[in-house]
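These values consider heavy atoms only, across backbone and side chains, with no hydrogens, waters or symmetry-generated copies.
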Amino acid sequence: MKFSEMPYKRPNVEEIKKYMIKATEDLKNAVCFEKAEEVFLNLQKDTKHIQTLATLVSVRHSINTNDKFYEEENNFWDTVSPELEEYSQNFILAMLSSKFRPDFTKKYGKLYFDNAEMAIKTFSPEIIPELQAENELVTEYGKLIASAKIEFRGNTYTLSQLAPFKTSSDDEERLEAWKADGKWFHEHQKELDEIYDKLVKLRDTMGRKMGYDGYTELGYNRMSRNCYSKHDVEKFREAVIKYLVPVADKIKRQQAERLGKAYPMNFADSALEFRSGNPRPCGSPDEIVNNAGIFYDELSPETSEFFRTMREMELMDLLSTEGKESGGYCTSIYDYEVPFIFANFNGTQHDVEVVTHEAGHAFAFWLNRNRVPMEYSWPSLEACEVHSMSMEFFAEPWSERFFGKDSKKFLYSHLSSSITFIPYGTMVDHFQHVVYEKPDMTPRERHNVWRELLGVYMPWLKTDGEIPFYSDGEAWQRQSHIYNSPFYYIDYCLAQTVALQFWALIQKDIKTAWTHYMDYTSQGGTATFTELLKKAGLDTPFDEACLKNVCADADKWLDEFDMSDIK
């Protein structure tokens, strides 16, 4: 069945609540493990259906935020989801206290119960109003960003559609595009500040109602951080500053020299890697997808079957259109045992990176779509990002097909930007820790924190006010994760560190690298992040030597890369 044909009908919430109450009682009253397991498996099946309905609404709303039907349905799920959480939590509590817990553990593993114990620390009926308000504010932010219409050189563009001009090789056009982008954000500064201020205070209130000293610990539990702590993240940030920022800074100094620009650069110049222009994919969006099909056909039998299914069932919405939310994501549609990819193609190298990145997520779900319990279909989020960021590197041997004459530029750009990304992502995480430690900061104080952190993590950027919004310490408001998924962003940095291990393996032997990738990905969510890595023969990013080694390997490769024919 194609995605457009998948039916949606708003469910009867009161019936769902009654069913979940009955399931909880049936579990408690089960006289044997077989009866208890039957209740558990039936609820798993029905939960998949409820999640499928919610996902269909979420995806269709993000594709067109102007669709009134799905806007209303999205608002419905924003309100209902926190209410249903109470009933879900009651079932989890019954599972945790069940006399058949040892039998469940023996058959389904200990991790289900470890994660369940963490999950009950994230919810109380007392915070339902805050959860509903949080959903509404996140939706408001997404709709505001999707509504952007930016006038530029006689035409009107969405934020995504403007992106190619922000990497134009024409200095004047590129700077003008950055200023136009920044101007729109600056004009909506009050709304962006107000939404985030409310979110921070709501989350702080939730944490305190749950007995935490603010939001941070609650946020970590909501992210299912089951094998590392805030202290481990702090140590990782220190290693990034120690080992990675110097390598990234060196890359940016060389870039400034290539461009004939003064160091540090403004944001517009930093976006241009080569004087002759950044790498651009060759061909139309359809041709990019066709080339992706060839890549996945040739990579492995499993990826071939997966991507053919994605195309046949039309499980990708890739073009940037009016009213569409920004960014890209992958989600799962459980009833049909398929993933879905959402993206915003805009004619930049990002088009290739996003279709391989999100397909990395989608392939991981595809491999694990039949897992029981359903929670094992996905690992925790930093582990998920390894699937996607590593898949980007596996596509590099096919770069000539994607980029043609720009393939050599892409190979350099992809690795160098992977290095320079980690300081940015780590800065996002550092910023959020400061914000939730001081929830009463004013918007201007938050902007000042971001501007200060830029000097630590991205010293190659000028903050002189030349480009409104960006050089005023306000650009964090463009990063949707800060609004809708607090503390998520460090997951990308941890995953990129692992992905760079795959990059190094690919340079030696792609078949061996793929074996490690399949060893890692085929585990689904059956183990914690660090256990998944260990079982696949990979190093943990929490070991300082890991970041040190991947930095050294990348630095050496970039130094030896032949740039003589690239301008």
Side-chain angles (χ1 to χ4, degrees), residues 163-175 178 243-283 291 347-353 356 389-390 392-424 458-462 496-497 499-510 513 547-567:
F165 300 104
K166 291 173 67 180
T167 57
S168 169
S169 58
D170 182 300
D171 288 353
E172 185 177 328
E173 181 179 58
R174 187 175 67 258
L175 180 60
W178 274 84
Y243 296 112
L244 207 143
V245 170
V247 176
D249 188 64
K250 175 182 171 183
I251 290 168
K252 286 297 184 177
R253 287 179 183 275
Q254 291 172 343
Q255 177 185 338
E257 187 177 343
R258 281 198 307 275
L259 299 178
K261 299 291 183 179
Y263 176 95
M265 296 177 281
N266 65 27
F267 284 79
D269 290 338
S270 182
L272 180 67
E273 290 196 72
F274 306 99
R275 186 68 274 176
S276 57
N278 288 3
R280 304 275 183 184
C282 53
N291 288 329
T348 67
Q349 72 186 71
H350 177 70
D351 296 353
V352 175
E353 291 167 348
T356 51
M389 295 180 131
S390 302
E392 291 183 40
F393 285 124
F394 277 102
E396 284 193 347
W398 285 262
S399 61
E400 191 166 344
R401 184 173 290 281
F402 285 113
F403 289 94
K405 63 181 178 59
D406 277 356
S407 61
K408 194 173 177 182
K409 275 188 190 178
F410 171 73
L411 291 175
Y412 181 91
S413 171
H414 192 212
L415 181 60
S416 64
S417 60
S418 297
I419 293 293
T420 57
F421 164 78
I422 296 178
Y424 168 76
M458 304 178 75
W460 51 86
L461 288 173
K462 284 197 297 186
Q496 188 72 282
T497 306
L500 286 166
Q501 292 181 58
F502 278 111
W503 170 83
L505 288 169
I506 291 167
Q507 307 313 303
K508 298 172 184 176
D509 179 19
I510 192 170
L547 196 58
K548 181 180 179 181
N549 291 337
V550 297
C551 281
D553 289 344
D555 188 33
K556 183 175 183 294
W557 188 91
L558 291 168
D559 277 347
E560 294 175 354
F561 190 80
D562 181 12
M563 301 281 284
S564 61
D565 56 345
I566 300 177
K567 296 181 180 179

Where do [X] and [Y] come nearest, in terms of heavy atoms and distance?
X	Y	result
G347	P281	O-CD, 3.7 Å
S417	H414	OG-O, 3.2 Å
A271	N278	O-ND2, 2.9 Å
I422	L244	CD1-CD1, 3.6 Å
E353	E392	O-CG, 3.7 Å
T348	P164	CG2-CA, 3.8 Å

Test salt bridge (Lys or Arg N to Asp or Glu O under 4.0 Å) applied to R174 and D170, step by step: CA-CA 6 Å; R174 187 175 67 258; D170 182 300; over 6 Å; no
Chi angles and distances behind the salt bridge (Lys or Arg N to Asp or Glu O under 4.0 Å) call for K556, E560: CA-CA 6 Å; K556 183 175 183 294; E560 294 175 354; 3.0 Å; yes
From CA spacing to verdict: salt bridge (Lys or Arg N to Asp or Glu O under 4.0 Å), K548, D553: CA-CA 9 Å; K548 181 180 179 181; D553 289 344; over 6 Å; no
Distance only, no hydrogens: is a donor on one side chain within 3.5 Å (strictly under) of an acceptor on the other, for [X] and [Y]?
X	Y	result
S413	E273	yes
S168	E173	yes
R280	T167	yes
K252	T420	no

Whether W557 and W503 hold their rings parallel, tilted or perpendicular, with breakpoints at 30° and 60°: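 Rings of W557 and W503: perpendicular, over 60°.
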Plane angle bin for Y424 and F421 - parallel if under 30°, tilted between 30 and 60°, otherwise perpendicular: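 Answer is tilted, since the angle falls between 30° and 60°.
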Derivation of the salt bridge (Lys or Arg N to Asp or Glu O under 4.0 Å) call for D269 and K462: CA-CA 10 Å; D269 290 338; K462 284 197 297 186; over 6 Å; no
Derivation and outcome, side chain to side chain contact (heavy atoms under 4.5 Å, CB included), residues N291 and W398: CA-CA 9 Å; N291 288 329; W398 285 262; over 6 Å; no
What distance separates [X] [atom1] from [Y] [atom2], expressed to the nearest 0.5 Å?
X	Y	atom1	atom2	result
Y243	L547	OH	CG	8.5 Å
K405	S276	NZ	OG	8.0 Å
L411	F561	CG	CZ	5.5 Å
L505	I510	CG	CD1	11.0 Å
F393	Q507	CZ	CD	9.0 Å
Q255	L272	CD	CG	7.0 Å

Ring centroid separation F410 to F403 under 6.0 Å: yes
Minimum side-chain heavy-atom gap F274-P279 below 4.5 Å: yes
K250: salt bridge (charged side-chain N to carboxylate O under 4.0 Å, His left out) partners, not counting sequence neighbours: D555, D559
Enclosure of E396 CD (heavy-atom neighbours >12, cutoff 6.0 Å):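 Enclosed: over 12 neighbouring heavy atoms sit under 6.0 Å from CD of E396.
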Does the [X] side chain pair with the main chain of [Y], one donor and one acceptor, at a distance under 3.5 Å?
X	Y	result
D249	V245	no
W460	P264	no
S270	N266	no

